[in-house]
Amino acid sequence: MGRARRRHNWKARAGARGAAQARPQEQPREHPVPAELQLGDGAKLKGVDESNALVLPAKKAKPKKAPSAVHHQKKPLSKKQKKNLQKILEQKEKKRQRAELLSKLNEVQASEAEMKLLYTTSKLGVGERMYQSKRVVQEPGSAVPEKIRSISGANKRRHSSESESEEESSSEEEKEEHKQGTETSSASDLNAAEKLEEGTKKPLANQQAVPTAPVCQTASNRLSCKPVIFIPVDRSPEIQEARLKLPILAEEQVIMEAINENPIVVICGETGSGKTTQVPQFLYEAGYTSSNGTIGITEPRRVAAVSMSQRVAKEMNLSHRVVSYQIRYEGNVTDETQIKFMTDGVLLKEIQKDFLLLKYKVVIIDEAHERSMYTDILIGLLSRIVPLREKKGLPLKLIIMSATLRVEDFTENNRLFSVTPPVIQVDARQFPVTVHFNKKTPLDDYSGECFRKVCKIHRMLPSGGILVFLTGQAEVHSLCRRLRKAFPFQKNNNAGVDDDREESVKEIRKFKKSRKQKKATTLPQIDLDNYSVVPVDEGDEDRDAETDDDIAGSDMDLDLGDGDSEEDEKPDSSLPLYVLPLYSLLAPEKQAKVFRPPPPGTRLCVVATNVAETSLTIPGIKYVVDCGKVKKRFYDKITGVSSFRVTWISQASANQRAGRAGRTEPGHCYRLYSSAVFMDFEKFSAPEITKRPVEDLILQMKALNIEKVINFPFPTPPPVEALAAAEELLIALGALKEPPLTGRLKEQQAAKLSCPISPLGRIMATFPVAPRYGKMLALSKQHDCLPYTITIVSAMTVRELFEEFDRPAVSEEETVKLKGKKARLLHIQKIWAGQGALQKLGDLMVMLGAVGACEYAGCTPKFCEENGLRYKAMLEVRRLRGQLTTAVNSVCADTGLYVDPKMKPPTEAQATYLRQVVLAGLGDHLARRVQAEELLDEKWKNAYKTALLDDPVFIHPSSVLFKQLPEFVVYQEIVETTKLYMRGVSAVEPEWIPALLPPYCHFGKPLENPPPSYCPETGRIRCHRPSVFHRVSWQLPAVEVDYPEGIDRYKYFARFLLEGKVIEKLDSYKRCLLSSPLIMLKTWSKLQPRTEALLQALVAEKCDNRDALLAAWKKNPKYLLAAYRQWLPEAMHGDLAKNWPPVL
DNA sequence: GAGCACTGC
């Protein structure tokens, strides 16, 4: 019922908005909701995939960046090509060997989990044979050059030369298909997962065998040979001209032929190649949006989705109704939309509603190299959706776009794509960037090294912006401060500069020497081919380009060791430097400054964290200073405890940073580490999915009925420990059905990693928040708590609600200002925390109070500024509240919920209830204060203990409960810094724990005191049971629960029945009973035949509660009469029989 | 008694 209504609502809403994007009423039952994804390891063919995986560009390969000075440039590098190719192949071979080993390991794991699925496994064998036999016919060795030629335009020949083998394989394919068909019909329970399984093998045939894919083939023939479909686009001349400069335009033919002929294509092209804006246009022009098809493009960031849609609309001269975007909270999609840009999470949610993504003809996954969690999952899902769509005769094209050539995880993974998709490389329009390595790698003072390098660049090198990469806010601010001190400039005539206190400067002088300015036009141009020998640590290769200069170290390398820092620190106002900080949490208006040109006569210097690497592109940067470090969050796979660590970046990251110098003109990148250190960097950083807790992802997948998550074709799978931890948490939250505790241990363990989703889990999965929070929402309908839970959950989900005032100030003046703000925030937080029962909600009450107060005041930037709140965060909370309110309403329409800007604080009772809701969601995040008698060591003073950690944890000093130290608390997260600190803390009453978290408790025998009782409301026996918390065995207060199943429950039921508490009519016989009902419980009760008779009668019909008894009487009105009669004198037997059964 | 990079539903 709930589901039907939900669908109805969705339709109604979509209609009302005039945004009928989907037609959910179409084949509502046909969407295959796979019962599970059963995926075998596809057959692996040695010798073929490694050469086939990387179809090199028709033109050229990018050189490896080994030397100390390297140009990223467009020049063809034919000399090096062979060498590079050799290198690449060597690396690939190594990788392949490793992958083979891994896949063998996976096979072992998978086969253990799949033991009972013999049916599927046997079919897999068939698939393997199919695959191999076909490839043998094709002569694997010749596959690669053939493919390249076909892509570069000689496809007619290819068609004819392959036709023979195609025929052969197709007839074989038909036979196999026939076989499979009979098998299928004999197995009545063939589920959608197995359909998926078949689907995986389909493209093998489709690519090579014409008859099996009539739709696809005709379409491609039409498009590649005789393009009858061509949708004209009316572009303005200026756009047309700009477009023609993009290298990707030259590759249109190649790209479109590859797409027409293959279901899945990989396109590699660095930023600047124009692939994101142009490929959708190619597809549009080729008719992929005709007959109501949509082209969907996913981006990893909201801004990208919005700006790309705007740009493509402009380039194509089409309305936003046709080229649209959809991000979490907003979109301009209409029923006319043909090209849709969206964030990856949006498409993932759409798959939940329509597994086959029927409205799309093409899906493009952009920036796949970033390997965000959602793109990885999308690629895994799409690898199955594409063959399913092909089978339906409604082919879907999948295009994976990547900026790097690291695509082996996609192409060489035949669990993912059994046929290696072609890889097309396109050039980027980038200016050459000269890379300079340090001779020495500073051990820890990279910040100081940055300072010296910037000073030198600024003093000695021609104009052009400087971008410095550091790791965190504090570093950014302190470097800004030092640089501003060293190169001050007058800000009076410039409103754009603030919060810095420079020494006043008399006048801003022009750039120093004319000779230096000359340098701008004579930048060294170095041929990459000169660096076939890798020099170590030497930055002076391009010294020839820059010779006599009276200032030491004035060559482009600036690499003359430790510059005189004393001198550097001395203010030099003749060289004004316009220094700006940049990091993600910086207020947007301050961020925006980096996009504006610097004040005249100054040089721009942006000191940034990693935001500048991918998210934000700063114009006019000519010099990049790269410290080579990044601050990353690490999670403990089992406990989920996180910490922040500064580590070396990857080579890919370093190159991405370097590339930021060549956006508008040739540039230079100064790496503050040696080339030897660089060579030791990882090639790429690990995909996000392998580094994070995955419970949210697992819940989403289970909601798609993917039960055996371990068999899902992840491009890179998460660690098994992480999967197990996620599954365990979801079971404890009640989102997954608990595996049966019967069977052998091995089976039990296997079952534990393939639990189906529960009805509660389905509801939780509809909420776009972490499962723990989803559980809170699912529980909060009672006591009018939903608006509060929604607000708390929103506030916990949005990061960094409060402004950070602990950063080092830029000036003394600012120090005072920050101190004042901090004091003010502390004060107001105390007020928001409330008193009494409210205060026990702890930090969550502070969040609730902050949001409540901010909304009450209209959520103005001024209010936020005055009260230490981040305006951007508060807006996000507001939008998330709106989204969650809608989500809750569509699960449960009768709440009549809305977002109330004037929400009152919760009552004391509500606050208490909220704490219980929070406990139910954060059950695994329970901590108990270390008891006095356990205080063995000073380090445990004021400490808490958790179930999973051996070390002490502490309430964070910023918590409002820091001084209260409640006996039990739950926390939002633990972050390890100097100690393990709990953040987002809320107090818990001990007696709630066994009542609300039974999965985490072990219960003891029912207590005698207080004695068991009969509950008139439920008709069941209740009792008090002591309990302990799992793993740590904390004693918890006894809690009243249903009496545990067993003979004693019957005894108590018999007693209360005799006492007339269960059935009212029996009350009148109570005084005439021949024995006391209490003897039912005595150990010697067996000595009395009437106790035994009554007990046996109850057990026989499983009557240990009122409902069961009433049901038994319905079945047999004489039930229990004989046994009960024995308890009464004979004189009453007649009367008793007349009134039996004693109901009505 | 404190120091958190970056994202997506």
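Chain A is the first sequence line, chain B the second, and so forth, proteins listed ahead of strands; every chain is numbered from 1. On a predicted model such as this, the values are computed, not experimentally measured, just so you know.
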Starting at [atom1] of [X] and ending at [atom2] of [N], how long is that distance when rounded to a whole Å?
X	N	atom1	atom2	answer
A:Y944	B:dG1	OH	C1'	15 Å
A:K979	B:dG1	NZ	P	6 Å
A:Q829	B:dA2	CD	C1'	13 Å
A:F469	B:dA5	CZ	C1'	13 Å
A:E299	B:dG8	CD	P	11 Å
A:W648	B:dA5	CH2	P	18 Å
A:E367	B:dG8	CD	C1'	14 Å
A:F962	B:dA2	CZ	C1'	8 Å

Name the nucleic acid region contacted by [X], choosing base, sugar-phosphate or nothing; use a 4.0 angstrom heavy-atom cut-off, strictly under.
X	result
A:V611	sugar-phosphate
A:R879	nothing
A:R799	base
A:E800	base
A:F767	nothing
A:R983	base
A:K822	base
A:T471	sugar-phosphate
A:E688	base
A:R301	sugar-phosphate
A:E973	base

Which nucleotide in the set [options] lies at the smallest distance from any side-chain heavy atom of [X]?
X	options	value
A:F644	B:dC4, B:dC9, B:dT7	B:dC4
A:Q473	B:dC9, B:dT7, B:dA5	B:dA5
A:L585	B:dG8, B:dC9, B:dC6	B:dC6
A:K963	B:dC9, B:dG8, B:dG1	B:dG1
A:Y374	B:dG8, B:dA2, B:dA5	B:dG8
A:P957	B:dG8, B:dC4, B:dA2	B:dA2

For side chain to side chain donor-acceptor pair (under 3.5 Å), just list the numbers for A:T791 and A:R881, CA-CA rounded to whole Å, side-chain angles, deciding distance to a tenth of an Å, and then say yes or no. CA-CA 6 Å; A:T791 307; A:R881 278 175 78 194; 3.3 Å; yes

Is the phosphate of [N] approached by [X] (side-chain N or O, under 4.0 Å from OP1 or OP2)?
X	N	result
A:S584	B:dT7	yes
A:T343	B:dC9	yes
A:K349	B:dC9	no
A:R645	B:dC4	no
A:T609	B:dC6	yes
A:S615	B:dT7	yes

Run the side chain to side chain donor-acceptor pair (under 3.5 Å) test on A:Q352 and A:Q700 for me, step by step, so that the C-alpha distance in whole Å, both residues' side-chain angles and the decisive distance to 0.1 Å come before the verdict. CA-CA 8 Å; A:Q352 264 181 21; A:Q700 293 303 313; 2.2 Å; yes

Mapping A:S958 and A:Y329 onto DNA chain B by nearest heavy atom, which one lands closer to the 5' end?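 This one resolves to A:S958.
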
Comparing A:H956 and A:P768 on DNA chain B - which has the more 5′ nearest nucleotide: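 Upstream on the strand: A:H956.
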
Salt bridge (Lys or Arg N to Asp or Glu O under 4.0 Å) evaluation trace for A:E973 with A:R633: CA-CA 13 Å; A:E973 59 171 1; A:R633 188 170 191 156; 2.6 Å; yes

What's the verdict on side chain to side chain donor-acceptor pair (under 3.5 Å) for A:E449 and A:Y673, showing C-alpha distance, side-chain angles and the deciding distance? CA-CA 10 Å; A:E449 186 69 13; A:Y673 41 90; over 6 Å; no

Checking A:R870 now: which residues fulfil salt bridge (charged side-chain N to carboxylate O under 4.0 Å, His left out) with it, not counting sequence neighbours?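 In terms of salt bridge (charged side-chain N to carboxylate O under 4.0 Å, His left out), with neighbours along the sequence ignored, A:R870 is linked to no residue.
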
List the atom pairs, with distances to 0.1 Å, where a side-chain N or O of residues 691-698 of chain A and a protein N or O form a donor-acceptor pair under 3.5 Å, not counting sequence neighbours.
from: A:R692; atom 1: NH1; to: A:E688; atom 2: OE2; distance (Å): 2.9
from: A:E695; atom 1: OE2; to: A:R772; atom 2: NH1; distance (Å): 3.3

For the residue pair A:K979 and A:F954, would you count it as a cation-pi contact if the rule is NZ or CZ under 6.0 angstrom from the ring centre and within 45 degrees of the ring axis?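 Cation-pi check for A:K979 and A:F954: passes.
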
